[in-house]
Amino acid sequence: MQSSRTTGNLLRHGVATLAAVALIGCTMIAPSFAAPASDPGGVALPSPDDIKRAQDDAVAAAGLVADIEGIIAVAGEQLQEAQLTAFKAQNDYNNALAVLDERRAAADRADQRAADAGRQHDAAEEQVGRLAGDLYRSGGMNPGIESVLDGTDPDEVMYRASTLYGLSSSSTRTLDEAQSARDAWASLTQDAAAARQAAQDAADAAQAAGEQAREAAGSAEQLVGEKQAERSTLVGQLATLRNTTAELEDQRLAGLEQAQRERDLARMIAESAAAATEAAAAPQSTPTSTPPLRDPASLQAPARVAPAPVRSTAGVPVVSTPAAPVAPAPAPPAAPAPPAPAPPAAPAPPAPAPPAAPAPPAAPAPAPPAPVAPAAPVAPAPAPPAPAPPAPPSSSGAGALAMNYALSKTGSPYYYAWGGNGPLGYDCSGLTQQAFASAGVSLPRTAAQQYFAVRHVPLSQMQPGDLVFWGSGADIWHVAIYIGGNKVVNALNPSQGILVTDLAHMGGMGPLNPSAGRV
């Protein structure tokens with residue numbers, strides 16, 4: 001693993017500036033939760049003469065301000081695209097290191113099996129050697145066999161013959177076992193060689209991934225420098241056109257960008273809620289609407305899908321449901337509860353009361369019980385919404401333990417490490433894996449594997465301890481643990497390490513996945 005760690009150290013410098021702007025983007029550019037523009041292309045900045053001419057023309061000044069703000073937005077998209085490319089390359093490198101660890105562990109196990117087979121082979125060969133030596137010294141006859149054949153009594157001869165047969169069988173077994181040991185040793189030796197080659201291939205792939213990550217980080221670093229200088233110039237021009245200061249203009253832009261980020265996050269959460277509602281309301285015949293919110297391969301999904309029976313039963317009982325309402329209808333006849341008033345009038349007069357009870361006019365009298373009846377239906381109505389509230393507050397169980405573990409790793413002496421799995425250095429999925437391991441839950445090693453190993457819920461139903469992902473499907477490049485208040489704890493990058501981050505400030509990470517993962 002030393003070579004991979006060395007490559008990782010080489011990447012630290014190249015990624016340092018990129019890491020610094022990963023969150024600086026929250027004050028420099030307007031990140032979007034959708035994929036950034038592909039290639040805005042180079043844009044010429046307004047010249048000093050353009051600015052001077054526009055100062056004397058309010059309309060021209062307003063148009064130039066809009067143009068400058070548009071250039072800043074384009075620069076933000078360019079920077080986000082470069083950052084996203086770099087983060088994906090970093091994720092590829094982390095995945096390659098994880099594969100390398102697995103291949104090396106597999107090669108070690110294969111070597112151990114081959115070594116065990118070698119010892120068994122040597123022991124079998126030693127047995128065969130002793131057998132051959134006995135035969136050679138006795139001229140082809142084992143001394144034990146000669147003593148067996150030396151007998152005159154028929155019964156003794158028969159007894160010794162059976163012994164001879166046993167000796168022959170033992171010799172045969174020795175030879176057979178020696179051959180089996182030889183074959184097993186040869187096969188396992190080949191397996192070990194193949195495993196070692198696979199480990200070497202993984203090391204080569206990790207080195208290549210590290211180089212690509214370094215190149216992507218270098219490109220992003222160069223672009224950061226260019227866009228920072230460009231933004232400084234543009235902000236100064238805005239200050240001139242608007243008769244303010246560069247500092248005030250920078251604050252104004254930062255405020256607009258922050259508001260846009262908050263709107264983008266709120267929109268995504270609202271869309272996830274709408275998708276969940278649509279999926280829940282979908283007819284029974286279209287269960288395919290559920291998978292986007294759940295991973296069909298998850299072992300826990302079936303248990304959590306328990307709510308699904310409600311849809312299936314709703315589909316069948318819907319026909320019998322009318323009958324149920326009919327049952328409540330008889331309930332009014334049960335309104336002979338008015339005979340309850342009859343007890344007060346203990347005398348026989350209550351007998352005539354029954355005929356009066358059916359009469360509608362008499363109903364107004366028992367009006368008091370009527371309010372009670374509506375109260376009962378009203379209670380069930382609020383009952384359905386009741387299941388929804390449990391979603392927000394969840395600070396117990398494995399998720400809470402994992403969240404607390406991750407929070408305990410923020411700051412020194414803990415740090416971000418390429419392919420890190422603790423106890424001090426972690427990458428994003430290494431942190432989440434170890435956090436849930438501390439709660440007794442086993443998760444796969446990479447972010448993409450973890451995405452498919454958990455139950456999916458809409459972002460609108462996120463609870464503390466849920467996993468939050470960036471990317472979609474098999475293309476997942478970052479994972480964090482939600483802690484509430486639209487914040488996550490995550491191992492972000494070598495520069496910023498393990499920290500708590502606002503979801504709205506992570507536009508440079510690329511598209512946020514519309515579903516969270518629940519263990």
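Note that this is a predicted model, so its numbers are computed, not measured.
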Straight-line distance of E249 CD to I72 CD1, nearest 0.5 Å: 8.5 Å
Contact between L467 and L443 at the side-chain level, heavy atoms closer than 4.5 Å - yes or no? yes
Without swapping roles, check the side chain of Q449 against the backbone of R445 for a donor-acceptor pair under 3.5 Å. yes
F469 vs Y451 aromatic rings, parallel, tilted or perpendicular, using cut-offs 30° and 60°? perpendicular
Using only atom types and a distance under 3.5 Å, with no angle test, would you say the side chain of N513 pairs donor to acceptor with the backbone of G471? yes
Report yes if the side chains of D204 and Q200 come closer than 4.5 Å at any heavy-atom pair, otherwise no. yes
Any chance you could measure Q207, atom CD, to L97, atom CG, to the nearest 0.5 Å? 11.0 Å
Just by distance, no angles: are the side chains of N490 and H478 close enough, under 3.5 Å, to form a donor-acceptor pair? yes
For a quick check under 3.5 Å, do T233 and E230 share a side-chain donor-acceptor pair by atom type? no
With heavy-atom distances below 4.5 Å as the criterion, would you say the side chains of R113 and D191 are in contact? no
Please round to the nearest 0.5 Å and tell me the distance separating atom CZ of F452 and atom OG1 of T446. 10.0 Å
Stepwise side chain to side chain contact (heavy atoms under 4.5 Å, CB included) test for E221 and L223: CA-CA 5 Å; E221 181 180 357; L223 187 62; over 6 Å; no
Hydrogens and angles aside, do S429 and Q450 bring a side-chain donor and acceptor to less than 3.5 Å of each other? no
Considering the options N486, V488, T432, which one meets the side-chain contact (heavy atoms from CB on, under 4.5 Å) requirement together with V468? V488
Report yes if the side chains of L238 and L234 come closer than 4.5 Å at any heavy-atom pair, otherwise no. no
Looking only at the side chains, is there a donor atom on one of D201 and Q197 sitting less than 3.5 Å from an acceptor on the other? yes
Shortest non-hydrogen pair, A406 vs V489, comes out as CB-CG1, 3.7 Å
May I ask you to decide if Q228's main-chain N or O and S232's side chain share a donor-acceptor pair within less than 3.5 Å? no
Test log, rule side chain to side chain contact (heavy atoms under 4.5 Å, CB included), inputs Q179 and D176: CA-CA 5 Å; Q179 183 60 46; D176 290 344; 5.8 Å; no
Under the salt bridge (charged side-chain N to carboxylate O under 4.0 Å, His left out) criterion, do D108 and R196 qualify, and how do the steps go? CA-CA 8 Å; D108 289 341; R196 279 293 162 203; 2.4 Å; yes
Specify the closest pair of heavy atoms between A195 and A107, including all atoms of both residues, with the distance to one decimal. CB-CA, 3.6 Å
Quick check for you: to the nearest 0.5 Å, what is the distance between I483 atom CD1 and M403 atom CE? 7.5 Å
Give a yes or no on whether the backbone of Y482 and the side-chain of D466 come within a donor-acceptor separation of less than 3.5 Å. no
Hey, does the side chain of S272 reach the backbone of P458 with a donor-acceptor pair shorter than 3.5 angstrom? no
Report yes if the side chains of W477 and C428 come closer than 4.5 Å at any heavy-atom pair, otherwise no. no
For L492 and M509, the nearest pair of non-hydrogen atoms, with its separation, is CD1-SD, 4.0 Å
Quick one: closest heavy-atom pair of P46 and I68, and the distance? CG-CG1, 3.8 Å
With heavy-atom distances below 4.5 Å as the criterion, would you say the side chains of V519 and F436 are in contact? yes
Starting from the C-alpha separation in whole Å, work towards a yes-or-no answer on side chain to side chain contact (heavy atoms under 4.5 Å, CB included) for N94 and W418. CA-CA 6 Å; N94 283 329; W418 301 98; 3.6 Å; yes
What's the verdict on side-chain hydrogen bond (donor to acceptor under 3.5 Å, both in side chains) for D264 and Q260, showing C-alpha distance, side-chain angles and the deciding distance? CA-CA 6 Å; D264 286 342; Q260 182 60 50; 2.9 Å; yes
If you measure from OG1 on T501 to CD on Q496, what distance do you get to the nearest 0.5 Å? 7.5 Å
From CG (L256) to CZ (R261), nearest 0.5 Å: 10.5 Å
Classify the angle between the aromatic ring planes of W185 and H121 as parallel (below 30°), tilted (30 to 60°) or perpendicular (above 60°). parallel
Starting from the C-alpha separation in whole Å, work towards a yes-or-no answer on salt bridge (charged side-chain N to carboxylate O under 4.0 Å, His left out) for R252 and E69. CA-CA 11 Å; R252 180 180 71 86; E69 291 178 345; 2.8 Å; yes
Should L265 and L512 count as side-chain neighbours, where that means a heavy-atom distance under 4.5 Å? yes
Over all heavy atoms of both residues, which pair between A402 and I481 is shortest? Give the atoms and the distance, please. O-CD1, 4.0 Å
Quick one: closest heavy-atom pair of A239 and T245, and the distance? CB-C, 3.5 Å
Any donor-acceptor pair under 3.5 Å linking the side-chain atoms of N493 with those of S495? no
So, Q433 and N421: side-chain donor and acceptor under 3.5 Å apart, yes or no? yes
Stepwise side chain to side chain contact (heavy atoms under 4.5 Å, CB included) test for I498 and Y415: CA-CA 6 Å; I498 303 171; Y415 56 91; over 6 Å; no
Side-chain contact test, heavy atoms from C-beta onward, threshold under 4.5 Å: evaluate it for Y416 versus Y426 and give yes or no. no
Could you check whether Q112 and D116, counting side-chain N and O atoms only, form a donor-acceptor pair closer than 3.5 Å? yes
